[in-house]
Amino acid sequence: GLPASEYGDKKEWVKLNVGGTCFLTTRTTLTKDPESLFAKLINDDISGMVTDGKDENGAIMFDRDPTYFSPILNFLRHGKMVINKDVAEEGVLEEAEFFNVAEAIRLVRERIRVRDNEKQQRPAGKQ
Amino acid sequence: GLPASEYGDKKEWVKLNVGGTCFLTTRTTLTKDPESLFAKLINDDISGMVTDGKDENGAIMFDRDPTYFSPILNFLRHGKMVINKDVAEEGVLEEAEFFNVAEAIRLVRERIRVRDNEKQQRPAGKQ
Amino acid sequence: GLPASEYGDKKEWVKLNVGGTCFLTTRTTLTKDPESLFAKLINDDISGMVTDGKDENGAIMFDRDPTYFSPILNFLRHGKMVINKDVAEEGVLEEAEFFNVAEAIRLVRERIRVRDNEKQQRPAGKQ
Amino acid sequence: GLPASEYGDKKEWVKLNVGGTCFLTTRTTLTKDPESLFAKLINDDISGMVTDGKDENGAIMFDRDPTYFSPILNFLRHGKMVINKDVAEEGVLEEAEFFNVAEAIRLVRERIRVRDNEKQQRPAGKQ
Amino acid sequence: GLPASEYGDKKEWVKLNVGGTCFLTTRTTLTKDPESLFAKLINDDISGMVTDGKDENGAIMFDRDPTYFSPILNFLRHGKMVINKDVAEEGVLEEAEFFNVAEAIRLVRERIRVRDNEKQQRPAGKQ
């Protein structure tokens, strides 16, 4: 089991509005990679940002796609790159690059490399 | 048919907000595995938790992904591990481990083992 | 075309909240199989149920998964068992059994039997 | 580019609540096939219908499944039958028949015929 | 990392209601292709449009399908055509043509050409 501190700690919850879909996460998750756009947004706390870039529910707005954003947020949550079978890896790579999460970029590129390698080994026409 | 008690019993409904998506379930479901994080949260009833970790609709907030959370909640509901064909098993394992549901962890690991076994038996390139 | 009565009839609309997702249907649909849990709920009209088991929008709450519930509701609507290609049949069977819709149980079991049969005829490794 | 009239025209927007999911469309789209249930609903303007069959947001309610309804609405929008790869064609056919859109029925049946034909040509076990 | 200007700039956020689903984006994204329907809508700023074509949340309404619209909006965001594995390419082409995004049309057509080519090289029955 998890130690009490895991859920007993007060968390700073942060709402994100990514292309119209709401995500809920914490400041701890978003600042895990200090070089990422998330960490910069949260840490720099650029005044003006606070009201300008938020929607009517107080969620920080991003002009990005929610489908491909999910794996990036999950990576920050638990450090693994999990992509569903129907999702195009290139979409996830694009988000990893946009939000500048270096380790996520590396992991998605590696996955694309493996995928394309397997494809080439197959005879033409997916036989 | 189900006996009247199955739906006649008063249920304590619990709302969860998992990464921005709302889930509805009951106290009975969440406390089924007494070692799980759910049971600890519900039973310990840590004061402070009650208001701090809840959103504006009274839902308990978790900084996790809703897609991979569903199979865990379903497992607590009916004891079976059901994972859709397009969902990455590794994502479900991650949630089972985070929420510390021992039997769910065992079932997902077994499924991954079987899946990887079948893959190896196939000649290279998915022939 | 449908006769006017098909849509001219006054319908009793019923809202369901299945695990956090809202469904809209009618009393006619829910009572189609008199042995099902739905019919019992609607017909018995157990007092207490009316307020206890409803959410803030007046929807009857079920502690079940919405993904696997859909095919059951559709079956009651039109009598056919339609399951999308990425959905695990075992999840639908679980719901059919929970809600006690006998014909739906039979149809899903038959589908699983056919699926497993086809799998066995294939050589190992999905060749 | 589209002529100004394409989007300059005043449109009569219509909201639909299909099994709990909201769709937004126009009167023009819904009346494209005059024999369809949509056209009859809109044109006949049966009194009683106006309030009885609408939800709290003024959306016309249908006791049908939103997943399989989408391709029918899209067909009325642009005249093409587009079905995603994970969607069961039988579900779309059921909706096409319910809403009585003749050309959509024809197109889905043709697609099912082609699909089953391809299957039969494959040796047993999807080799 | 991104330069401060990337997120420090004041953005003009625009809400879209595409067939009942809400999207959030910016004026900059929507006007990227000056020949597109989006750019015309935003730039011409046809009076009347401002109130007539907006829903109760101020979102510009389109009578189109949200599933196939996503890849078009993403293309305007980052210039790449990313389509998930379960999505029918023909649906995306239809939206690219409707919204008149020339480069998106070219990219989807190329993808369909490649897909059909691969299919033809396969022996009948997907062997």
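Residue numbering restarts at 1 for every chain, and letters A, B, ... go by the order of the sequence lines.
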| request: With a 4.5 angstrom heavy-atom cut-off, could you sort out which part of E/Phe62 is near chain D: side chain, backbone, both or neither? | output: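 E/Phe62 touches chain D through backbone heavy atoms alone.
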| task | Please look at E/Thr21 and chain D and tell me whether the side chain, the backbone, both or neither of the residue comes under 4.5 angstrom of a heavy atom of that chain. | result |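 Interface part for E/Thr21: neither.
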| field | Full working for salt bridge (Lys or Arg N to Asp or Glu O under 4.0 Å) between D/Lys80 and E/Glu94 | value | CA-CA 9 Å; D/Lys80 285 164 201 157; E/Glu94 179 61 38; 2.5 Å; yes
Smallest separation among heavy atoms of [X] and [Y], with atom names:
{"X": "E/Asp86", "Y": "D/Asn84", "value": "O-CB, 3.3 Å"}
{"X": "D/Lys85", "Y": "E/Val87", "value": "NZ-O, 3.1 Å"}
{"X": "D/Val82", "Y": "E/Tyr68", "value": "CG1-OH, 3.4 Å"}

| query | Is chain E contacted by the side chain of D/Ile83, its backbone, both, or neither, given a heavy-atom distance below 4.5 Å? | reply | backbone
| query | Given a strict heavy-atom distance threshold of 4.5 Å, which part of D/Asn74 is in contact with chain E: side chain, backbone, both, or neither? | reply | side chain
| query | Quick one: CG on D/Leu76 to CG on E/Asp63, what's the gap to the nearest 0.5 Å? | reply | 9.5 Å
| Does the side chain of D/Met81 reach to within under 4.5 Å of the side chain of E/Glu90, using non-hydrogen atoms? |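 Heavy-atom side-chain distance check fails, nothing below 4.5 Å.
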| said: Counting heavy-atom pairs closer than 4.5 Å to chain D, which one of E/Arg64, E/Glu89, E/Glu56 comes out on top? | reply: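 With the most close heavy-atom pairs to chain D, the winner is E/Arg64.
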| said: Would E/Phe98 and D/His78 count as a side-chain contact (heavy atoms from CB on, under 4.5 Å) here? Give the steps. | reply: CA-CA 9 Å; E/Phe98 177 81; D/His78 52 54; over 6 Å; no
